[in-house]
Each structure stands twice: as C-alpha cells, then as structure tokens.
Chemist: 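Pasting a structure below so you can have a look.
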Amino acid sequence: GAAVLNVCGNGGVIPLLSKEASIDIDDFGFIFEKIDNESIQAVINQALQLTDQEIKERSIKCYEMISKKHSQINYANELRKCLTGILRTN
C-alpha cells in the first residue's frame with residue numbers, strides 16, 4: 001500500500017487505489033470503491049479521460065505530496081516523536 005505509493009509517487013505516477021488501501025491521495029489520484037472488474041474499469045476510464053495538462057498537474061501534485069509527507073527527514077522526525085513519547089511513559 002503506502003510503500004508502493006511512495007515508490008510510484010516519487011516518480012509522479014498517478015495512483016489508482018482501492019479504498020481498502022486507506023491512503024490519503026488528496027485530489028491527484030483515483031480510488032475505486034470495490035475490488036471488482038466494473039469498479040476498476042470505471043476508474044481506468046476516468047483516468048483515460050484526463051487531458052495532458054490534467055495528467056501533468058496530478059503527477060506534480062503526487063510527487064510534491066510524497067516528497068513532503070514521506071521524505072526521509074519527515075520519517076526521522078516522526079520516529080523521533082514516537083520514540084520520545086514511548087520513553088516518557090516509561
């Protein structure tokens with residue numbers, strides 16, 4: 001789920017995910033409600049209707065969100081907060 005989004009998002013790939021992925025994709029990706037052929041095909045058809053400009057904008061938004069929320073620096077800061085909280089309770 002999130003690991004794949006990080007890898008793909010760093011390349012600006014627009015995500016097509018099921019809601020079970022439980023990942024916030026803001027307004028740059030697509031979510032299909034059910035994991036069945038009809039739902040997946042509907043989302044693919046939506047994505048295929050995007051203009052070149054819309055694809056570019058969504059790709060940039062995806063890259064920016066992944067770079068901001070899932071950077072190594074952000075990970076280190078969140079890990080530090082978590083460990084500090086654990087150590088304070090002991």
Side-chain angles (χ1 to χ4, degrees):
V4 171
L5 182 60
N6 285 339
V7 171
C8 294
N10 279 321
V13 176
I14 299 169
L16 305 160
L17 304 169
S18 71
K19 69 178 186 176
E20 283 81 12
S22 299
I23 298 172
D24 181 15
I25 57 170
D26 296 329
D27 61 348
F28 57 80
F30 295 91
I31 293 183
F32 43 94
E33 293 299 315
K34 298 179 187 174
I35 302 177
D36 62 19
N37 289 341
E38 288 179 16
S39 297
I40 294 168
Q41 188 62 51
V43 167
I44 291 170
N45 288 336
Q46 280 183 294
L48 289 172
Q49 298 302 311
L50 295 176
T51 65
D52 289 348
Q53 184 61 34
E54 289 171 320
I55 291 170
K56 182 177 179 179
E57 289 169 3
R58 285 178 182 242
S59 178
I60 290 168
K61 284 182 185 179
C62 180
Y63 175 79
E64 288 173 347
M65 189 280 289
I66 295 298
S67 297
K68 180 180 177 183
K69 292 185 178 179
H70 299 283
S71 68
Q72 288 181 349
I73 292 169
N74 191 46
Y75 175 78
N77 289 337
E78 291 299 316
L79 181 61
R80 186 175 297 110
K81 282 188 226 175
C82 181
L83 293 174
T84 302
I86 291 169
L87 293 173
R88 284 185 185 157
T89 60
N90 289 329

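Not measured: the values here are computed from a predicted model.
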Chemist: If you measure from OG1 on Thr84 to CG on Leu79, what distance do you get to the nearest 0.5 Å?
Modeler: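 These two atoms lie 9.0 Å from each other.
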Chemist: Is there a path from Ile60 to Leu16 through hydrophobic residues (I, L, V, M, F, W, Y) whose side chains come within less than 4.5 Å of each other?
Modeler: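 Different clusters: Ile60 never reaches Leu16 through Ile, Leu, Val, Met, Phe, Trp or Tyr contacts under 4.5 Å.
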Chemist: Is Phe28 close to Ser59 at the side-chain level, that is, under 4.5 Å between some pair of heavy atoms?
Modeler: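 Contact flag for Ser59/Phe28 side chains = no.
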Chemist: For Leu50 and Glu54, which heavy atoms make the closest approach, and how far apart are they?
Modeler: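 What the structure gives for the nearest pair is CA-OE1, 3.2 Å.
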Chemist: Looking only at the side chains, is there a donor atom on one of Asn45 and Gln41 sitting less than 3.5 Å from an acceptor on the other?
Modeler: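 Yes, because at least one side-chain N or O of Asn45 sits under 3.5 Å from a partner of the opposite role on Gln41.
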Chemist: Is it the case that more than 12 heavy atoms not belonging to Leu48 sit under 6.0 Å from its CG atom?
Modeler: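 Count over threshold, so yes.
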Chemist: Can you tell if the side chain of Phe30 reaches within under 4.5 Å of the side chain of Arg58, non-hydrogen atoms only?
Modeler: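 A side-chain contact exists here, since the closest heavy-atom pair is under 4.5 Å.
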Chemist: Do any pairs count as a salt bridge (charged side-chain N to carboxylate O under 4.0 Å, His left out) and have a residue in residues 27-52, sequence neighbours left out, and if so which ones?
Modeler: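 Salt bridge (charged side-chain N to carboxylate O under 4.0 Å, His left out) check on residues 27-52 returns Lys19-Glu33, Asp27-Lys61.
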Chemist: Out of curiosity, Ile55 CD1 to Gln49 CD, how far, rounded to the nearest 0.5 Å?
Modeler: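 One finds 10.5 Å between CD1 of Ile55 and CD of Gln49.
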